[in-house]
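Here's the structure, in structure tokens; my notes come after.
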Amino acid sequence: MPELRKDPVIGRWVIISTERGKRPTDFPPRTDRIDTRMCPFCPGNESATPPEILALRDNGTAPNAPGWRVRAISNKYPALKIEGELNREGVGLFDKMNGVGAHEVIIETPDHDKELEQLSVEQVTDVIWVYRERALDLQKDMRFRYLMLFKNKGVSAGASLSHSHAQLIATPVVPKRVSEELEGSRRYYEYKERCIFCDIIKQEISMNERVVAQNESFLALAPFAPRFPFETWVLPKFHSSQFPKLADQDIRLFAAILKDTLQRLEGVLNNPPYNFMIHTAPHTNGHDLEYHWHVEIIPKLTRVAGFEWGTGFYINPTPPEDAAQYLRGIVLGQPQGEPLIVPQR
Ligand SMILES: [Zn+2]
Ligand SMILES: [Zn+2]
Ligand SMILES: [Zn+2]
């Protein structure tokens, strides 16, 4: 029987079509790296990008020259522009606003052929440190209401360059997906005086059906009502509403679980394209008690089609309990009843 499940935070229903019971091997193999003749993100080509805003560099190397480990630049083709004032305007019943914002790119490694998950924990720690520093810096700009940090890997996930990078877009409004989560968690808080995400974490750890991985400060899980097969979330186990407030000593633990989770997805799903986004509370007003920052990782395995576009209702062929089992490295229900250990790297 297919099952309807409701996301406890925003109340969105999804269809878990248990009958199809898709295994990782049922999704077509992918590796859609993009080959470009000249990669502007490779060391030596720094002049092909806008000047760097922040870079972690070896001692004695000059800005906008090789010698960097992580490099943040403005996007050459920004979705929103940094210059200008925020003007709101009404046209009859329609509202519009200048396209003011910031759009940055964080080049995560000088190595063209390494993906984020293939870097060492120390290197991923550097990358997360740069994520945090750029977010803290952009927060100072009073025109911005929200900062979205995200990563697209692979053509079908929207990447236009294969060299490993993340993006940071500062917007003058709070995006709808985020406000839905803020409202959902506020309603829960008003009713129970507890953070819904903290409650989910506690319950998931005790049920242990959808846990993918954990360390002393972070948890990776397959959410109860995922929209997509193998959708995976990473959350701090301690309550915290804003990602940029991540303390120095927690950056390494976050880097470790993010790398671990992405590697599990890479191993089980044969290097899939993916998106991840960091959902954090807006820095401008207090959602500190009820909201809890997290990362949503969506491997691109299926296409969003008419029914989903028309209804906002998603059909997911892989129950999250199965996805978690695969990602934990144990596949149950093999023909001989023998658990198969998926090798972990
Ligand atoms: Zn490159
Ligand atoms: Zn919480
Ligand atoms: Zn979220």
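Count residues from 1 along the sequence. Remember, it's 1-based here, ligands and their atoms both numbered in the order they're listed.
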The atom name of the N, O or S atom in E181 nearest to the Zn ion (ligand 3) is OE2
Connected via hydrophobic side-chain network under 4.5 Å: V178 and M277:
yes
Looking only at atom types and distance, does a side-chain atom of N98 sit under 3.5 Å from a main-chain N or O of V100, one as donor and one as acceptor?
no
Any donor-acceptor pair under 3.5 Å from K237 side chain to I201 backbone:
no
Name of the H239 atom (N/O/S only) found closest to the Zn ion (ligand 2)
ND1
If you have a sec, read the angle at the Zn ion (ligand 3) from E296 atom OE2 over to H294 atom NE2, to 10 degrees.
110°
Does the side chain of K153 pick up a donor-acceptor pair with the side chain of N271 at under 3.5 Å?
yes
Quick one: are P320 and R5 in side-chain contact, heavy atoms under 4.5 Å?
yes
Looking only at N, O or S atoms in H163, which is nearest to the Zn ion (ligand 1)?
ND1
Have a look at H292 and say which of its N, O or S atoms is nearest the Zn ion (ligand 2).
ND1
Which atom name would you report as the N, O or S atom of H279 nearest the Zn ion (ligand 3)?
ND1
Quick check for you: to the nearest 0.5 Å, what is the distance between K259 atom NZ and E266 atom CD?
9.0 Å
When you measure from the Zn ion (ligand 1) to each N, O or S atom of H112, which atom gives the shortest distance?
ND1
